[in-house]
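Comments concern the structure below.
Since we're looking at a predicted model, the values are computed, not measured. In each ligand, atom 1 is the first atom listed, and ligand 1 is the first ligand listed.
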Amino acid sequence: MQLRIVISLSVVFLAIGLFAQNEPYTERQIRIYDEIGENLAIIKNSGRDYVLPMDINWNYYYLTGDESEGAILLMNGRTKTSTIYKTQAEYRRRMPDNEANNLKDLKDFNSDLMLQLGRTKTLWVDYSSMVNFEELGQRMQNLESINNLAPIIHNMRKIKDEHEMELLSYAIETTAAGLREVMKAAEPGMNEKDFELILKYKFQKADCEHLGFGIQAASGPNATHVHYGNNDRQTEKGDMMVFDVGARFAYYTADISRSFPVSGKFTKEQKEIYGLVLKAQKAAINTMKKGVNIQIPANNALDVLNQGLFELGLITDSNSGWQKRFWIQHGFFHHIGLVVHDVGGYGGILEPGMIITMEPGLYFPADYLESAKRRLSRSVDSAEIDEFIKKVKPIFNKYINIGVRIEDDVYITENGNKVISKGVPKEIDEIEKLMKETSLFNN
Ligand code: GLY
Ligand code: MN
Ligand code: MN
């Protein structure tokens with residue numbers, strides 16, 4: 001008797017589990033129906049991922065879970081039916097693993113659309129999907145308007161649902177585990193490529209087949225380049241390293257940066273810069289909360305950096321506009337999701353469900369002061385720059401070749417936030433402690 005209950009309960013749970021697989025796409029489509037009313041929507045799967053060698057429109061994928069190249073999703077708001085039209089080749093190649101969509105041959109799309117258009121006043125089109133309007137021209141005569149669906153899908157995509165949270169969390173935890181491994185493995189003399197290979201090994205072992213972007217394993221002078229991907233230098237004692245890495249799971253990508261000395265022990269100067277960036281990053285994360293404009297945490301990070309740079313003598317006037325930006329080489333945040341710089345923009349109010357990076361950094365390339373005159377020549381008086389360089393140079397010299405970026409993935413909750421990438425340490429003492437451990441990859 002008891003066993004029978006257990007068995008039937010298991011079947012129920014299995015059924016719920018299978019249903020749950022279809023749920024995210026069905027749920028997302030229901031929200032689109034809420035927006036389009038009785039009208040039609042067309043979303044074509046065309047476009048390019050900027051890392052993976054695949055044609056994809058992530059808006060299409062988000063609504064269908066389907067990757068068929070060139071396929072079109074037609075959503076009929078009156079009948080509430082969603083149909084994917086795909087080529088015969090794609091039909092054979094991929095069976096969809098969810099039931100949110102009906103399937104038809106792509107060659108039926110035009111005639112089906114023509115039939116259904118007769119009853120619709122507004123055609124919603126995902127502009128990024130490049131539907132052939134010329135071809136449609138004739139059939140659109142009775143339409144009152146054509147609306148852009150993309151902003152609606154983007155608004156949905158910037159708030160991650162439970163399904164997306166699971167996928168992203170796994171990508172982020174896998175990335176954190178990879179970074180822990182390179183911290184343990186690090187020793188002077190290793191090539192940057194060795195670190196890249198350790199990360200790739202760890203990711204592929206964890207079923208993260210793809211990367212969200214090219215791995216940055218930068219050492220010494222390379223660590224002062226914001227974007228670096230050659231990964232071919234032999235590391236030396238005394239080098240700082242900057243890693244910027246994102247494993248991708250089911251296309252969702254993490255984005256974590258960590259910086260540490262290859263030898264496992266921070267010098268005084270490395271500590272000063274690292275400590276400052278960490279303080280700025282924490283100040284920002286502390287204010288990443290529901291209802292707050294995302295510019296506020298970013299400005300908090302900037303204020304902390306400026307105060308610290310002033311105390312170190314790396315800027316001479318903390319009220320000068322140009323000096324405030326002098327050492328800042330990149331933005332501090334972006335949404336992550338199906339692409340690393342995900343839809344959602346760089347402004348606006350934080351809402352529960354957003355996953356946003358916070359990634360301040362400071363970099364001291366050897367030629368930075370010399371190049372300042374050229375960079376600032378249009379906006380700042382040259383005597384003022386000369387004076388600045390004269391004062392700052394002796395201090396700057398101590399920090400040449402130090403690069404630090406600390407980047408975490410922050411999930412906005414109802415009550416505050418959760419740092420999903422916290423599995424890889426960022427406190428100086430924790431990093432030094434972890435780096436004393438040995439790795440699988442040490443000889
Ligand atoms: N990895 C690119 C970025 O941090 O934005
Ligand atoms: Mn980032
Ligand atoms: Mn990054």
Side-chain angles (χ1 to χ4, degrees), residues 49-52 58 157-158 160 164 168-169 171-180 182-183 192 195-196 199-200 202-203 208 210-219 222-231 240-249 251-260 274 277-278 280-282 284-285 288 294-295 297-298 301-302 305 327-348 350 354-363 403-412 417-426:
D49 182 76
Y50 78 99
V51 181
L52 302 176
W58 290 117
R157 281 176 56 191
K158 73 181 183 189
K160 270 59 189 180
E164 295 183 288
L168 258 172
S169 298
I172 292 167
E173 279 155 20
T174 302
T175 307
L179 284 167
R180 282 199 303 273
V182 293
M183 282 184 183
E192 292 167 349
F195 292 99
E196 178 179 333
L199 289 162
K200 286 184 169 164
K202 291 283 288 182
F203 296 168
C208 290
H210 304 295
L211 296 169
F213 51 92
I215 287 174
Q216 170 170 345
S219 65
N222 299 336
T224 67
H225 300 169
V226 173
H227 300 290
Y228 172 78
N230 287 356
N231 302 343
M240 243 345 244
M241 294 197 77
V242 175
F243 286 83
D244 192 342
V245 192
R248 204 163 181 172
F249 183 65
Y251 299 127
Y252 282 83
T253 179
D255 186 9
I256 311 180
S257 300
R258 286 293 184 269
S259 310
F260 52 84
Y274 188 93
V277 175
L278 184 60
Q281 200 231 19
K282 285 181 178 172
I285 291 176
M288 291 176 74
I294 178 64
Q295 290 301 335
L302 196 59
L305 289 181
W327 297 104
I328 307 303
Q329 296 194 49
H330 57 74
F332 289 173
F333 64 89
H334 54 87
H335 290 260
I336 56 171
L338 284 165
V339 286
V340 60
H341 290 184
D342 203 18
V343 296
Y346 298 90
L350 293 171
M354 289 179 170
I355 305 185
I356 297 184
T357 66
M358 185 44 69
E359 50 179 306
L362 287 175
Y363 313 88
V404 173
R405 175 162 64 257
I406 307 171
E407 174 175 30
D408 279 303
D409 301 336
V410 183
Y411 176 56
I412 309 299
N417 69 53
K418 198 175 144 220
V419 178
I420 313 177
S421 47
K422 66 171 187 289
V424 54
K426 61 181 177 182

Arg405 and Ser257: CA distance, side-chain angles, deciding distance, side-chain hydrogen bond (donor to acceptor under 3.5 Å, both in side chains) verdict: CA-CA 6 Å; Arg405 175 162 64 257; Ser257 300; 3.2 Å; yes
Closest non-hydrogen atom pair between Met183 and Pro425, with its separation: CE-O, 3.7 Å
Protein N/O/S atoms closer than 2.8 Å to the Mn ion (ligand 3): Asp244 OD1, Asp244 OD2, Asp255 OD1, Glu407 OE1
Sub-4.0 Å heavy-atom environment of ligand 1, residues by chain: Phe213, Asp244, Asp255, His334, His341, Glu359, Glu407
Full working for side-chain hydrogen bond (donor to acceptor under 3.5 Å, both in side chains) between Glu359 and His334: CA-CA 9 Å; Glu359 50 179 306; His334 54 87; 2.9 Å; yes
Partner set under salt bridge (charged side-chain N to carboxylate O under 4.0 Å, His left out) for Lys426, not counting sequence neighbours: Asp408
Contact list for residues 332-346, test salt bridge (Lys or Arg N to Asp or Glu O under 4.0 Å), sequence neighbours left out: Arg157-Asp342, Lys160-Asp342
Shortest non-hydrogen contact from Phe333 toward Tyr346: CZ-O, 3.3 Å
Taking every non-hydrogen atom, the tightest pair across Val51 and Asp49: N-OD2, 2.9 Å
Non-hydrogen atoms of His341 and Tyr50 that approach each other most closely: N-OH, 4.1 Å
Donor-acceptor contact present, side-chain Ser421 to main-chain Ile172, <3.5 Å: no
Metal proximity, His341 vs the Mn ion (ligand 2), N/O/S cut-off 2.8 Å: no
Verdict with supporting geometry, Val242 and Tyr228, side-chain contact (heavy atoms from CB on, under 4.5 Å): CA-CA 9 Å; Val242 175; Tyr228 172 78; over 6 Å; no
